[in-house]
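Reviewing the structure listed below.
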Amino acid sequence: MPLVDTFGRKITYLRISVTDRCNLRCQYCMPPEGVSSRTHDDILRYEEIERLVRAAAGLGIKKVRLTGGEPLVRKGIVDLTAMLGRIPGITELTMTTNATLLARYAQNLAQAGLQRINISLDTLQAEKYAHITRGGRLEDALAGIAAAEAAGLTPLKINTVVMRGLNEDEIADMAGLTLTHPWHVRFIELMPLNNEAQTFDACNMRSHEVRAAIEAALGPLTPLEMARNGSGPADLYRLEGAQGTVGFISPVSEHFCATCNRLRLTADGRLRLCLLSDQEVDLKPLLRGGADIAEIQEALRQAIDAKPSGHRLAEHILPQGRTMSQIGG
């Protein structure tokens, strides 16, 4: 039987955080000092991840996304990609990265079976990039983008978190990338998750404000028929004459909980049932205890039955347990 939750949502997408470590310290993702380092034994081994994905694929999971932290900082990530790419039933294998290490890995990842890349990029200004990421180099991210295109990890998606007073002056510049590149630039609302909640009210910009800024500078956005088709969270648009698309992901102002088709596996083996909820199911003891595929599948079914209908931000109930880097976004 396929994975269907108690609200009738068919679960086909699994996001896997392979590490909670990162080579950057983005202001909305983790504190300046980073997060407490977990030992090697704390996080799932690649063989355990592979076994869980194989079980999930048998229940109808078709898409897997590798995330972090920053997935490229974990040793052997190309090997894991190849392992997952060989699992029957997995038709989409993708990754989200900050791209600063991607130039050295893109070709090998593509050869291992990775199909697409999402890249987190919040500014096109070098000094601002260093400020937002607390020390990152824009030139490294741009080199990673070029390498991803050369390796065929396309269509490329650029994820931009808009923060009032920080990068709102670049909204039009980011959207304008779609005029000259076949990229999908997606503007994501800031989410009040743990440390991000501290500055949420001051920095939050809603999607309708971002869209208004784009249209004021670049002209009307035409909605696309495939927008919000149930398989993804973005409402998609195109500027006149553009090669790429502009998307808006609005988990706060226009949440898409009713069509959520995903689960999230944290690096330490917990299945997180909603990004903006602290509710988790610990699968590591099961995986580390040598459970077979049938036992893992039963645990997945039970976890799905506990998946909430949606987040509770409207009730001012905010998740407190983990930073974004520890979940995988």
Side-chain angles (χ1 to χ4, degrees), residues 1-20 42-68 71 80-81 83-96 113 115 193 228-233 251 255-312 317 319 321-322 326-329:
M1 292 291 290
L3 289 171
V4 179
D5 71 8
T6 56
F7 302 96
R9 297 171 298 194
K10 189 174 181 180
I11 310 302
T12 59
Y13 177 15
L14 176 63
R15 297 175 64 99
I16 300 173
S17 173
V18 299
T19 179
D20 56 6
D42 287 334
I43 64 174
L44 291 183
R45 305 178 183 110
Y46 284 163
E47 293 76 16
E48 293 164 343
I49 294 174
E50 191 271 348
R51 190 150 39 98
L52 186 144
V53 173
R54 190 172 294 276
L59 293 175
I61 293 291
K62 300 181 181 301
K63 177 178 178 179
V64 170
R65 176 174 299 281
L66 300 177
T67 70
L80 174 64
T81 301
M83 291 166 66
L84 301 184
R86 292 191 290 266
I87 295 176
I90 300 301
T91 58
E92 288 188 67
L93 183 57
T94 64
M95 177 182 289
T96 294
Q115 295 164 305
L193 187 65
R228 191 67 65 81
N229 61 7
S231 63
H255 69 79
F256 37 88
C257 301
T259 57
C260 180
N261 65 341
R262 65 197 61 192
L263 295 172
R264 291 172 171 82
L265 182 69
T266 65
D268 58 353
R270 293 177 179 270
L271 201 64
R272 193 172 177 102
L273 306 180
C274 171
L275 172 62
L276 294 171
S277 167
D278 289 322
Q279 188 176 3
E280 297 176 346
V281 176
D282 191 0
L283 297 181
K284 186 168 68 174
L286 188 69
L287 293 167
R288 200 144 289 181
D292 62 23
I293 294 296
E295 291 173 305
I296 298 170
Q297 289 178 334
E298 180 57 29
L300 289 171
R301 289 192 184 96
Q302 291 180 13
I304 290 295
D305 285 343
K307 185 173 171 65
S309 61
H311 64 63
R312 302 179 67 183
I317 298 176
R322 296 181 188 254
Q326 294 172 308
I327 300 170

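Since the structure is predicted, the reported quantities are computational estimates derived from the model, not experimental observations.
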Check your understanding: So, Glu48 and Arg51, do they make that salt bridge, N to O below 4.0 Å?
Key ->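 Salt bridge: no.
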Review point. Excluding sequence neighbours, so at least two apart, what forms salt bridge (charged side-chain N to carboxylate O under 4.0 Å, His left out) with Glu50?
Key: Arg54
How about [X] and [Y]: do any of their side-chain heavy atoms sit closer than 4.5 Å?
{"X": "Arg301", "Y": "Leu59", "value": "yes"}
{"X": "Ile296", "Y": "Leu287", "value": "yes"}
{"X": "Arg9", "Y": "Lys307", "value": "yes"}
{"X": "Leu93", "Y": "Val53", "value": "no"}
{"X": "Arg272", "Y": "Gln279", "value": "no"}
{"X": "Arg264", "Y": "Arg270", "value": "no"}

Atom [atom1] in [X], atom [atom2] in [Y]: separation rounded to 0.5 Å?
{"X": "Ile61", "Y": "Lys10", "atom1": "CD1", "atom2": "NZ", "result": "10.5 Å"}
{"X": "Leu271", "Y": "Lys284", "atom1": "CG", "atom2": "NZ", "result": "14.5 Å"}
{"X": "Ile43", "Y": "Thr266", "atom1": "CD1", "atom2": "OG1", "result": "10.5 Å"}
{"X": "Leu14", "Y": "Asn261", "atom1": "CG", "atom2": "CG", "result": "11.0 Å"}
{"X": "Phe7", "Y": "Cys260", "atom1": "CZ", "atom2": "SG", "result": "11.5 Å"}
{"X": "Leu263", "Y": "Tyr13", "atom1": "CG", "atom2": "OH", "result": "11.0 Å"}

Taking all heavy atoms of [X] and all of [Y], pick out the closest pair and write down the distance.
{"X": "Leu52", "Y": "Leu283", "result": "CD1-CD1, 3.5 Å"}
{"X": "Leu44", "Y": "Ile49", "result": "CB-CG1, 3.9 Å"}
{"X": "Asp305", "Y": "Thr6", "result": "O-CG2, 3.7 Å"}
{"X": "Asp5", "Y": "Ile11", "result": "OD2-CD1, 4.4 Å"}
{"X": "Ser17", "Y": "Thr19", "result": "OG-O, 3.1 Å"}
{"X": "Leu286", "Y": "Ala299", "result": "CD2-CB, 3.5 Å"}

Point to revise | From Thr81, Thr96, Thr94, residue fulfilling side-chain contact (heavy atoms from CB on, under 4.5 Å) relative to Leu66 | key: Thr81
Exam field: side chain [X] to backbone [Y], donor-acceptor pair closer than 3.5 Å:
{"X": "Lys63", "Y": "Arg262", "value": "no"}
{"X": "Glu298", "Y": "Glu295", "value": "no"}
{"X": "Arg65", "Y": "Met95", "value": "yes"}

Check your understanding: For atom NZ of Lys62, is the number of surrounding heavy atoms from other residues, nucleotides or ligands below 6.0 Å larger than 12?
Key ->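 No.
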